[in-house]
There are 2 protein chains.
Amino acid sequence: MTESDAAASLSALATDGVLQAGCPSRIVLEHVTSKWGLLLLIALSEGEQRWSELRQRADGISEKMLAQTLKTLEHDGLVRRDAQAVIPPRVDYSLTKRGHEVSALLIPLAEWAIQNSASIVRGHAAP
Amino acid sequence: MTESDAAASLSALATDGVLQAGCPSRIVLEHVTSKWGLLLLIALSEGEQRWSELRQRADGISEKMLAQTLKTLEHDGLVRRDAQAVIPPRVDYSLTKRGHEVSALLIPLAEWAIQNSASIVRGHAAP
DNA sequence: CAGGATCCAATCGGATACTG
DNA sequence: CAGTATCCGATTGGATCCTG
């Protein structure tokens with residue numbers, strides 16, 4: 001993307017919000033780009049998964065944050081929760097249509113991070 | 001993207017890290033998806049800008065967070081700082097090659113947030 | 001198994017004041 | 001203009017214990 005192209009597509013961002021404080025899009029953006037939100041959305045892009053599976057996949061997450069993050073994502077309409085009335089309880093989580101949309105945008109970001117993290121963390125990257 | 005496609009591209013993510021705790025890519029990812037990091041990278045995709053300009057564009061940011069975030073992004077090799085030895089001082093910030101790479105990935109995300117925030121914030125979105 | 005409730009430490013982040 | 005320094009409240013987030 002050239003700099004002028006970026007400027008063009010950015011005009012919409014500047015006018016409609018995101019950069020503006022108090023804009024609703026900022027809130028949503030913060031939900032999906034939050035540490036655990038991002039990781040859970042990526043993990044779920046593989047398909048429906050249970051609570052315990054998600055806990056392992058999003059390595060290092062606490063029960064509290066797992067519950068809290070899943071709730072926000074569910075409330076935002078990105079994650080679907082399917083609780084079955086059996087003993088022991090079984091609950092499956094999956095992405096909604098919207099959820100798949102974002103995760104499709106998040107995955108390239110994660111891949112970029114993997115490819116660049118080595119040279120970034122070890123020292124200063126080249127311009 | 002279908003679910004199997006997602007699974008395929010995800011195998012790399014799962015093996016190489018991101019979902020794994022302590023992975024360096026997680027740190028980088030957190031920097032660029034942090035509240036102000038994200039906003040500054042998007043703002044800078046429009047081109048070189050000064051401190052005072054960035055402060056206005058990333059609406060609501062405090063001086064402390066502006067300085068702190070710019071430093072992290074500069075250290076990560078995403079933002080270039082050009083300080084001119086004049087009175088009054090003039091400092092320009094711009095994206096590096098890497099910086100442009102990420103911002104190109106972040107912009108679609110911001111646009112998605114704008115388009116979906118309305119229906120998300122007002123209530124529950126449809127599946 | 002899938003959470004809810006609670007406590008507390010660490011970090012985030014804003015307001016203010018000061019400087020080269 | 002472009003920061004730095006400090007104080008302090010707010011939020012995040014983990015550990016632990018408890019429950020249907």
Side-chain angles (χ1 to χ4, degrees), chain A residues 18-23 26-41 43-44 47-76 79-95, chain B residues 19-23 26-41 43-44 47-76 79-94:
Chain A
V18 202
L19 293 175
Q20 251 53 43
C23 172
R26 269 204 188 176
I27 303 177
V28 181
L29 208 48
E30 278 163 39
H31 289 175
V32 325
T33 61
S34 72
K35 176 175 183 179
W36 300 118
L38 179 100
L39 257 33
L40 287 177
L41 286 170
L44 280 170
E48 192 173 62
Q49 276 164 88
R50 307 178 59 174
W51 165 280
S52 45
E53 293 175 312
L54 286 174
R55 237 208 123 169
Q56 292 185 308
R57 286 194 125 288
D59 192 31
I61 196 172
S62 68
E63 293 191 342
K64 177 183 173 180
M65 289 316 295
L66 181 55
Q68 193 175 110
T69 311
L70 282 174
K71 262 184 196 167
T72 342
L73 295 178
E74 190 194 353
H75 180 265
D76 286 355
V79 163
R80 182 172 25 240
R81 187 190 126 110
D82 177 30
Q84 297 166 43
V86 296
I87 304 280
R90 176 188 178 102
V91 183
D92 290 301
Y93 293 91
S94 56
L95 293 183
Chain B
L19 293 175
Q20 250 54 41
C23 173
R26 269 203 188 176
I27 304 178
V28 182
L29 209 47
E30 279 164 37
H31 289 173
V32 325
T33 61
S34 72
K35 176 175 182 181
W36 300 118
L38 181 101
L39 257 34
L40 287 177
L41 285 170
L44 279 170
E48 193 172 62
Q49 275 163 89
R50 307 178 60 174
W51 164 281
S52 45
E53 292 175 313
L54 286 174
R55 239 210 121 170
Q56 292 185 308
R57 285 194 127 287
D59 193 31
I61 196 172
S62 68
E63 294 192 341
K64 176 184 173 179
M65 291 315 295
L66 180 56
Q68 195 176 109
T69 311
L70 283 174
K71 264 184 195 167
T72 331
L73 296 178
E74 190 194 354
H75 179 265
D76 285 355
V79 163
R80 182 171 24 240
R81 187 191 125 110
D82 177 30
Q84 298 166 42
V86 295
I87 304 281
R90 177 189 176 100
V91 182
D92 289 301
Y93 293 92
S94 56

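Proteins come first, then strands; the chains are lettered A, B, ... in the order of their sequence lines, and each starts at number 1.
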Enquirer: Between atom CD of A:Q20 and atom CG of B:L39, what is the distance when rounded to the nearest 0.5 Å?
Expert: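 Here the rounded value is 9.5 Å.
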Enquirer: At what angle, to 10 degrees, do the two end axes of the helix from C:dC1-D:dG20 to C:dG20-D:dC1 meet, given five pairs define each axis?
Expert: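 One end axis against the other gives 50°.
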Enquirer: Classify the nucleic acid contact of A:R55 as base, sugar-phosphate or nothing, counting any heavy atom under 4.0 Å across all strands shown.
Expert: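 Counting heavy atoms under 4.0 Å across all strands, no contact is made by A:R55.
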Enquirer: Rounded to the nearest Å, what distance is computed from the CG atom of residue A:L54 to the P atom of nucleotide C:dA2?
Expert: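 Rounded to whole Å, this separation is 9 Å.
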Enquirer: Nearest whole Å is fine: how far is C:dA2 P from A:I87 CD1?
Expert: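 Result: 12 Å.
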Enquirer: Whole angstrom is fine here: how far is it from CG in B:L66 over to C1' in C:dT16?
Expert: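 Rounded to the whole Å, the gap is 17 Å.
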Enquirer: Using whole Å, report how far CD of B:E30 lies from C1' of C:dC12.
Expert: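 So the two atoms are 13 Å apart, to the nearest Å.
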Enquirer: Whole angstroms only, please: what is the OH-P distance between B:Y93 and D:dC1?
Expert: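 For the pair B:Y93 OH and D:dC1 P, the rounded distance is 14 Å.
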Enquirer: Roughly how many Å is it from CD in B:E53 to P in D:dC1, rounded to a whole number?
Expert: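 After rounding, the reported distance stands at 11 Å.
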Enquirer: For B:R81 and D:dC1, give me the distance from atom CZ to atom P, rounded to whole Å.
Expert: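 After rounding, the gap between these two atoms is 16 Å.
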Enquirer: As an exercise, state the distance from OG1 of A:T69 to CD1 of A:I61, rounded to the nearest 0.5 Å.
Expert: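 Atom-to-atom, A:T69:OG1 and A:I61:CD1 are 5.0 Å apart.
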Enquirer: How long is the line joining CD of B:E48 and P of D:dA2, in whole Å?
Expert: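 Nearest whole value for this atom pair: 12 Å.
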Enquirer: Counting heavy atoms from C-beta on, name the nucleotide in C:dA2, D:dG3, D:dC1 closest to the side chain of B:R50.
Expert: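 Ranking C:dA2, D:dG3, D:dC1 by closest atom to the B:R50 side chain puts D:dC1 first.
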Enquirer: Just by protein heavy atoms under 4.0 Å, how would nucleotides 6-20 of chain D read 5' to 3' in B, S and -?
Expert: -B-----BBB----B
Enquirer: At what distance, to the nearest 0.5 angstrom, does CG of B:L29 lie from CG of A:L38?
Expert: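 Nearest 0.5 Å value for the CG-CG distance: 5.0 Å.
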Enquirer: What's the separation between atom CZ in A:R80 and atom CD in A:E48, rounded to the nearest 0.5 Å?
Expert: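 The distance works out to 8.5 Å.
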Enquirer: Say you draw a straight line from CD of A:Q49 to CG of A:L95; how long is it, rounded to the nearest 0.5 Å?
Expert: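 CG of A:L95 is found 9.0 Å from CD of A:Q49.
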Enquirer: If we only count heavy atoms from C-beta on, is the B:W51 to B:E63 side-chain gap below 4.5 Å?
Expert: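 Contact flag for B:W51/B:E63 side chains = yes.
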Enquirer: Using atom types as modelled and distance alone, determine if a side-chain donor or acceptor of A:D59 lies under 3.5 Å from a backbone N or O of B:A21.
Expert: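 Yes, A:D59 side chain to B:A21 backbone: donor-acceptor pair under 3.5 Å.
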Enquirer: Distance from A:D76 atom CG to A:E74 atom CD, nearest 0.5 Å?
Expert: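 Rounded to the nearest 0.5 Å, the CG-CD separation comes to 10.0 Å.
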Enquirer: I would like to know whether B:L70 and B:L54 meet side chain to side chain contact (heavy atoms under 4.5 Å, CB included); could you show each step before the answer?
Expert: CA-CA 10 Å; B:L70 283 174; B:L54 286 174; 4.1 Å; yes
